[in-house]
Amino acid sequence: MTPPRSEGFVRMPDAEFEAILARAAEKGAKRALADVGLDGNEAALDIRDLRSLLDCIRLVRRTAMQTAVRMITTGVMLALLAGIAIKLKLFGGGP
């Protein structure tokens, strides 16, 4: 049975059209996952592992930035303290 045509367009009930779209979307999603190697029984575990890995990368990046800021701050504070100590001549007699 062919669907009725009107002015070059195919007409079908909304429910049937949505069912066709749902099947096409499901097939497309399965194909896309298969293309990147995330199909099969272990796919959910693989995706959880990938998310966990991304969380770890974000944590490392954030920690590295915090460490760099702390090191720079500590260096600036030490330089200021050394300048103060030299200005006040706390390390012995200078010229």
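Position 1 is the first residue of the sequence; numbering continues from there. Every heavy atom of this structure was used, including side-chain atoms; hydrogens, water molecules and symmetry mates were not.
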All N/O donor-acceptor pairs, side-chain side in residues 22-38, below 3.5 Å, sequence neighbours left out:
residue, atom, partner, partner atom, Å
Glu26, OE2, Lys30, NZ, 3.3

Hey, any chance Val10 and Ile20 share a hydrophobic cluster, counting ILVMFWY side chains that come within less than 4.5 Å of each other, even indirectly? yes
Using side-chain contact (heavy atoms from CB on, under 4.5 Å) as the criterion, list what pairs up with Leu45, not counting sequence neighbours. Glu42, Arg48, Asp49
The criterion is side-chain contact (heavy atoms from CB on, under 4.5 Å); which residues satisfy it with Arg51, sequence neighbours excluded? Ile47
Determine all donor-acceptor pairs shorter than 3.5 Å in which one atom belongs to a side chain in residues 57-76; sequence neighbours excluded.
residue, atom, partner, partner atom, Å
Arg58, NH1, Asp55, OD1, 3.4
Thr63, OG1, Leu59, O, 2.8
Thr67, OG1, Thr63, O, 2.9
Thr73, OG1, Val69, O, 2.8
Thr74, OG1, Arg70, O, 2.7

